[in-house]
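As structure tokens, the structure follows; a few thoughts come after it.
Proteins get letters first, then strands, A, B, ... in listed order; numbering begins at 1 in each. Quick caveat: nothing in here was measured; it's all calculated off a predicted structure.
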Protein chains: 2
Amino acid sequence: MSLRYSILGLLARTPSTGYELTQMFDRSLRTSWHASHSQIYPELAKLEHAGLVEVIGRGPRRSKTYGLTNPGREELRRWLVEAEPDRAQRNESSVRLFLTNLLDPTDRRTAYERDLSHVEKELEELKGVRRQLQDEGGAEVFAPQVELGIRVDTVIRDWLRERIEDAAP
Amino acid sequence: MSLRYSILGLLARTPSTGYELTQMFDRSLRTSWHASHSQIYPELAKLEHAGLVEVIGRGPRRSKTYGLTNPGREELRRWLVEAEPDRAQRNESSVRLFLTNLLDPTDRRTAYERDLSHVEKELEELKGVRRQLQDEGGAEVFAPQVELGIRVDTVIRDWLRERIEDAAP
DNA sequence: AGCCGACATGTCAATACCGACAGTTCATCT
DNA sequence: AGATGAACTGTCGGTATTGACATGTCGGCT
């Protein structure tokens, strides 16, 4: 169900085309939920059929801009407030972090270092986003979420550094 | 592919039955990857067919204990070290955290408080696990992973508390 | 005019995943 | 002896997800 509500959530913020939604999934939502355009377009069609979204404009290249309908807005609210959250996770990186210390010390170090450089890169990107939000000065709704991402990544980065140091002679 | 390698990883630690694997997914791996028995049994059959695991013992109630074969061990190592990690996530809680501040202040507070009490509970559980590992005194392989879980949950807990305080008058 | 790359939308077959249904086996309690 | 419940393994239909294929549009560069 998360795909459906992620789309409703993004549209609640700004009406968008399928293409723009795909980009937002890649950028903002990539640490929460991944989806590609081959899922997004069919889901938009279903949502339109269900009356939760509607086409509110057409642009160049046949693009259609979707917006939330009132039932859509209510459905999103209902899900966020009333529905029982599903806490199940599916996170390959986390599986790797978990299993990596089954490896012998050399391989383990290689794996941790690869993860570390990835986290460091991601952390830089997030800090870039934060800086950008500060410069804009506007009341960006998702600023706290960016902050959370930074804190979580920092914790993971430090943990990885400890793992690597522990392995050192 | 993560299901497959999660199973190989758990079996690398201890030979287990499908039932035991199901429990381990619920306990140790629940913050990384979720899987239910209806996925695990068929996957074990596939892995056996592929020669990556084998039945190394039979117990009461028709139970079969699976262990890794050498090709299985190599395949796990290959995946952990050489395969390109897939960083995509699927985490409904995270989607909720992201979308919750689209709600009006009252609903938002309700949602954050529900999440907070869940995280606090989970944190207590993890600390219980850590205490248990310390008491055992043995060199438990996954102790650092438990520590990481505690740190990440702590960061999320504090962030939620800030959100709730910000909302207060 | 021709070409390229980003924009934009879609479909389809294969695989992954979920929840419900279903059955057997053993230990313990009454 | 019968009931109960936890241990244990499986299957199945429906939905979700992926990756590849397919098609066309528009702006800018040469």
Side-chain angles (χ1 to χ4, degrees), chain A residues 1-8 10-11 14-27 29-30 32-50 53 55-66 79 83-92 95, chain B residues 1-8 10-11 15-27 29-30 32-50 53-66 79 83-92 95:
Chain A
M1 287 290 89
S2 298
L3 173 65
R4 155 161 299 200
Y5 294 101
S6 300
I7 291 177
L8 291 179
L10 291 175
L11 291 181
T14 336
S16 316
T17 66
Y19 188 81
E20 287 165 341
L21 287 172
T22 305
Q23 291 179 314
M24 290 183 210
F25 267 93
D26 270 2
R27 298 210 232 297
L29 270 174
R30 76 175 181 291
S32 302
W33 201 267
H34 173 261
S36 56
H37 79 276
S38 60
Q39 250 191 303
I40 291 168
Y41 289 114
E43 189 64 36
L44 276 172
K46 275 193 224 167
L47 286 168
E48 188 183 9
H49 188 74
V53 306
V55 176
I56 60 170
R58 284 163 194 276
R61 279 170 263 227
R62 299 180 186 176
S63 66
K64 289 179 280 185
T65 300
Y66 289 90
W79 183 74
E84 186 57 28
D86 172 4
R87 314 276 177 185
Q89 300 208 8
R90 281 222 154 60
N91 182 343
E92 188 185 294
V95 172
Chain B
M1 288 290 87
S2 297
L3 173 65
R4 153 161 302 201
Y5 293 101
S6 301
I7 291 177
L8 292 179
L10 291 175
L11 291 181
S16 316
T17 67
Y19 189 81
E20 289 164 340
L21 287 172
T22 307
Q23 292 180 312
M24 291 184 210
F25 268 93
D26 271 2
R27 299 212 230 301
L29 269 174
R30 75 176 182 293
S32 301
W33 199 267
H34 172 261
S36 56
H37 79 276
S38 59
Q39 250 191 300
I40 292 169
Y41 288 114
E43 188 65 36
L44 276 172
K46 273 192 227 168
L47 286 168
E48 188 182 10
H49 188 75
V53 307
E54 62 186 346
V55 177
I56 60 170
R58 284 163 194 274
R61 276 169 264 229
R62 295 181 188 178
S63 65
K64 290 178 280 184
T65 300
Y66 290 90
W79 184 73
E84 185 57 28
D86 172 5
R87 314 277 176 184
Q89 298 205 10
R90 284 224 150 59
N91 180 344
E92 188 187 295
V95 172

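Rounded to whole Å, the distance from OH on B/Y41 to P on D/dC8 is 8 Å. Protein atom CD of B/E92 is 15 Å distant from nucleotide atom C1' of C/dC17, rounded to whole Å.
For A/S38, whose side chain is taken as the heavy atoms from C-beta onward, the closest listed nucleotide among C/dT11, C/dC26, D/dT17 is C/dT11. Nearest to the side-chain atoms of B/Y66 among the listed nucleotides D/dT18, C/dA8, D/dG10 stands D/dG10. Out of D/dA16, C/dA8, D/dA20, the shortest distance to the side chain of A/K46 is found at D/dA16. In this structure, of D/dA7, C/dT9, C/dC17, it is C/dC17 that holds the atom nearest to the side chain of B/Q39. Minimum atom distance to the side chain of A/H37 is reached by C/dG10, of the listed C/dC17, C/dA8, C/dG10. If you check D/dT18, C/dA8, D/dC8 against the side chain of B/R90, the one that comes closest is D/dT18.
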Show the numbers, then the answer: is there a side chain to side chain contact (heavy atoms under 4.5 Å, CB included) between B/F25 and B/I40? CA-CA 10 Å; B/F25 268 93; B/I40 292 169; 3.7 Å; yes
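Partner of B/L11 under the side-chain contact (heavy atoms from CB on, under 4.5 Å) criterion, chosen from B/I56, B/L21, B/L47, B/T65: B/L21.
The side-chain heavy atoms of A/Y66 and A/T17, taken from C-beta on, include no pair separated by under 4.5 Å.
With hydrogens and angles disregarded, no donor-acceptor distance shorter than 3.5 Å links the side chain of A/R4 to the backbone of A/M1. Distance alone, capped at 3.5 Å, is enough to place a donor-acceptor pair between the A/S16 side chain and the A/T14 backbone. Side-chain atoms of A/R27 never come within 3.5 Å of backbone atoms of A/M24 as a donor-acceptor pair (strictly under, hydrogens ignored).
Overall bending of the helix from C/dA1-D/dT30 to C/dT30-D/dA1, expressed as the angle between end axes built from five pairs apiece, is 10° (10° steps).
Residues A/R87 and B/E92 are not paired through a salt bridge, judged by the lack of any N-O separation under 4.0 Å between the basic side chain and the carboxylate.
A/S63 comes within 4.0 angstrom of the backbone, heavy atoms only, and of no base. If you check every strand for non-hydrogen atoms under 4.0 Å, B/T22 touches nothing. Within the nucleic acid shown, A/H34 comes within 4.0 Å of sugar-phosphate atoms alone, with no base atom in reach, counting heavy atoms only.
Nearer the 5' end of DNA chain D, as judged by each residue's closest nucleotide, is the contact made by B/R62, out of A/R62 and B/R62. Positionally, the nearest nucleotide of DNA chain C for B/E43 lies more toward the 5' end than for the other of B/R61 and B/E43.
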